[in-house]
Amino acid sequence: MAELMVRDGTWTFDGEVIRIVPGSERGVHKLRRYLGEFTVPLAAVAKIAYEPARKGGRLRLRLRDGADPLLQATGGSLPDDASPYQLAVDPGRVDVAEYFVDAVRQALTLEQIPDGPTDRYLLPGPPVPLTAAGVDGIATFDGERVHIEWRWNTSETKRQWGPRDFTLTGLEAVEWQAPSGLESGYLRFRLYGAAEQPAPDRDPNSLELWGFKKESGTTALLAAAVAVRLPHPSAGLPQARTAGTLAAAPATEAPAALAPPADNAPASNAPTGNTPAGAAPVATTPAATASGAADDHDALLRRLRELGELRRDGILTEEEFTATKAAVLARFHTAG
């Protein structure tokens with residue numbers, strides 16, 4: 001057992017997991033405090049290092065690429081003081097920090113943990129439900145659906161789309177970017193079929209972020225909570241999800257273009273939910289309009305996601321997962 005207790009927080013290693021508890025000091029970043037206590041399995045660790053400084057130093061934990069949904073969703077853009085994988089070490093605890101590093105490194109060597117990327121998330125992500133506030137809107141996520149309500153100061157372009165609702169089956173990815181200088185950050189929900197990526201202040205699928213601390217970091221946590229419930233980017237399933245996109249996701253969740261409503265749209269055609277008034281109707285085909293085909297594709301996509309979760313949780317072996325996935329994909333292409 002190795003334990004390092006400092007003002008910035010407490011890290012404990014029992015040979016299998018690293019338990020991370022943020023400090024309660026005022027200077028501890030809000031994202032770390034909102035994230036709270038969590039554990040990192042040894043299998044998710046790539047490296048650990050202690051960096052000495054004039055007064056104390058810093059402990060840094062680097063995870064394997066793709067292991068943590070928070071790092072995946074934020075794309076490595078978390079500010080240093082917001083990262084839960086860094087710990088400021090007090091001058092009197094340097095020896096303990098070095099011992100902690102040695103203990104983790106020895107375990108990594110003994111267990112022969114690779115430092116390369118993973119094809120599944122090894123951390124569970126933040127618990128839900130979650131609510132996160134941006135500059136121009138408030139997003140909530142209950143584990144299955146994202147809902148956005150706009151604030152009074154949102155742009156007219158986004159306001160005309162009305163409140164937004166996204167289900168997991170309609171989402172291709174979630175993206176988070178911290179603001180930099182005069183450039184706004186964003187929390188963006190990328191939908192299937194929506195190739196256009198407007199600026200955050202005009203994108204009805206995004207919350208605009210001005211100051212990271214002002215948003216309290218909860219936007220990054222919400223992004224991670226959504227990301228962990230989507231197929232892992234390296235899981236080898238994007239072709240299956242893409243093939244069923246148009247039939248599986250409601251048309252209102254995957255607009256062909258983010259065109260604002262027409263100024264002369266009749267009042268009776270005012271937008272409700274995700275459908276903008278005046279938007280051109282999506283062309284339909286017998287395959288797209290057949291409810292049976294849509295239901296089949298939707299069920300198969302859900303099955304693929306469930307299989308990935310069963311493998312991630314250790315319920316299915318790699319061989320069982322591969323065989324079952326092949327059977328599901330065969331049904332998918334037959335249904336299509």
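Values below: all heavy atoms of this structure, side chains included; hydrogens, waters and symmetry mates excluded.
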Trp11 side-chain N/O to Arg19 backbone N/O, donor-acceptor pair under 3.5 Å | no

Check: Arg145 side chain, Phe141 main-chain N or O, donor-acceptor pair, under 3.5 Å = no

Spacing of Arg159 atom CZ and Trp152 atom CH2 [to the nearest 0.5 Å] = 9.0 Å

NZ/NE/NH1/NH2 to OD/OE distance under 4.0 Å, Asp115 and Arg64 | no

Lys158/Asp203 salt bridge by N-O under 4.0 Å criterion | no

When you measure from the side chain of Thr118 to the backbone N and O of Gly66, does any donor-acceptor pair fall under 3.5 Å?
-> yes

Would a hydrophobic clustering, with Ile, Leu, Val, Met, Phe, Trp and Tyr connected at side-chain separations under 4.5 Å, put Phe100 with Val21?
-> no

Between Phe13 and Leu108, is there a shared hydrophobic cluster once you connect ILVMFWY residues whose side-chain heavy atoms come closer than 4.5 Å?
-> yes

With a 3.5 Å cut-off and no angle check, do the side chains of Ser77 and Trp176 form a donor-acceptor pair?
-> no

May I ask whether Leu168 and Leu222 are part of the same hydrophobic cluster, defined by side-chain heavy atoms of I, L, V, M, F, W, Y residues being less than 4.5 angstrom apart, directly or through others?
-> yes

State whether the side chain of Asp136 and the backbone N or O of Glu208 hold a donor-acceptor pair below 3.5 Å, judged by distance alone.
-> yes

So, do Pro52 and Val94 sit near enough that their side-chain heavy atoms are less than 4.5 Å apart?
-> no

In this structure, are over 12 heavy atoms from other groups packed under 6.0 Å from Glu51 atom CD?
-> yes

Is it the case that one hydrophobic cluster holds both Leu78 and Val45, taking links as side-chain heavy atoms less than 4.5 Å apart, direct or via other members?
-> yes

Is the CD atom of Glu144 crowded by more than 12 outside heavy atoms at less than 6.0 Å?
-> no

Flag side-chain contact, heavy atom, 4.5 Å: Leu207 against Val135 | no

Checking side chain to side chain contact (heavy atoms under 4.5 Å, CB included) for the pair Ile48/Arg62: CA distance, chi angles, key distance, verdict?
-> CA-CA 6 Å; Ile48 187 170; Arg62 186 171 74 80; over 6 Å; no

Give the minimum heavy-atom separation between Ala107 and Gly15, together with the two atoms involved.
-> CB-O, 4.5 Å

Assign the ring pair Phe38 / Tyr85 to parallel, tilted or perpendicular, where the plane angle (0 to 90°) is split at 30° and 60°.
-> perpendicular

Closest heavy-atom pair and its distance - Ala2, Tyr99 | CB-CE2, 3.8 Å

Closest non-hydrogen atoms of Asp165 and His147, given as atom of the first, atom of the second and distance, are OD1-ND1, 2.9 Å

Answer yes if the side chains of Gln197 and Arg188 hold a donor-acceptor pair under 3.5 Å, and no otherwise.
-> yes

How far apart are the C-alpha atoms of Leu4 and Leu87, what are their side-chain angles, what is the distance that settles it, and do they pass the side chain to side chain contact (heavy atoms under 4.5 Å, CB included) test?
-> CA-CA 10 Å; Leu4 176 60; Leu87 189 69; 3.8 Å; yes

Main-chain N/O of Glu98 paired to Asp95 side chain as donor or acceptor, under 3.5 Å | no

Would Thr131 and Ile138 satisfy side chain to side chain contact (heavy atoms under 4.5 Å, CB included), going step by step from the backbone distance to the final call?
-> CA-CA 7 Å; Thr131 298; Ile138 299 175; 3.6 Å; yes

Roughly how far, to the nearest 0.5 Å, is OH of Tyr34 from OG1 of Thr218?
-> 6.5 Å

Are the side chains of Tyr121 and Pro69 in touch, meaning some heavy atoms are under 4.5 Å apart?
-> yes

Is there a donor-acceptor contact under 3.5 Å from the side chain of Arg60 to the main chain of Tyr50?
-> no

Considering only heavy atoms from C-beta outward, does the side chain of Pro84 approach that of Leu61 to under 4.5 Å?
-> no

Would you mind reporting whether Leu221 and Leu35 have side-chain heavy atoms less than 4.5 Å apart?
-> yes

4.5 Å side-chain heavy-atom contact, Asp142 and Val128 | no

Point-to-point distance, once rounded to the nearest 0.5 Å, from CG of Asn153 to CG of Asp201 = 11.5 Å

What pair of heavy atoms forms the shortest contact from Leu130 to Ala225, and how long is it?
-> CD1-CB, 3.8 Å

Could you tell me the separation between the CD1 atom of Ile148 and the OG atom of Ser206, rounded to the nearest 0.5 Å?
-> 7.5 Å

Are any of the side-chain heavy atoms of Met1 and Thr12 separated by less than 4.5 Å?
-> yes

Any donor-acceptor pair under 3.5 Å from Thr219 side chain to Leu187 backbone | no

Has the side chain of Thr109 got a donor or acceptor atom that lies under 3.5 Å from a matching backbone atom of Arg105?
-> yes

Side chain of Thr154, backbone of Trp150: donor and acceptor closer than 3.5 Å?
-> no

Under 4.0 Å between a Lys/Arg side-chain N and an Asp/Glu carboxylate O for Arg32 and Asp8?
-> yes

Which heavy atom of Pro41 sits nearest a heavy atom of Leu123, and at what distance?
-> CD-CD1, 4.0 Å

Starting from the C-alpha separation in whole Å, work towards a yes-or-no answer on side chain to side chain contact (heavy atoms under 4.5 Å, CB included) for Asp68 and Leu122.
-> CA-CA 6 Å; Asp68 180 21; Leu122 301 179; over 6 Å; no

Strictly by modelled atom types, are Thr167 and Thr169 linked by a side-chain donor-acceptor pair under 3.5 Å?
-> yes

Rounded to the nearest 0.5 Å, how far does CD1 of Ile20 lie from OG1 of Thr10?
-> 11.0 Å

Show your working on salt bridge (charged side-chain N to carboxylate O under 4.0 Å, His left out) between Arg7 and Glu25 and close with a plain yes or no.
-> CA-CA 7 Å; Arg7 289 174 296 177; Glu25 298 284 334; 5.9 Å; no

Please tell me if the side chains of Glu172 and Phe189 come closer than 4.5 Å, counting only heavy atoms from C-beta onward.
-> no

Would a hydrophobic clustering, with Ile, Leu, Val, Met, Phe, Trp and Tyr connected at side-chain separations under 4.5 Å, put Val17 with Leu71?
-> no

Using a cut-off of 6.0 Å, state whether more than 12 heavy atoms not belonging to Glu16 lie near its atom CD.
-> no

To the nearest 0.5 angstrom, please state how far the CZ atom of Arg229 sits from the CG atom of Leu171.
-> 12.5 Å

Nearest atoms (heavy-atom pairs only) where Leu209 meets Pro179 = O-CB, 3.7 Å

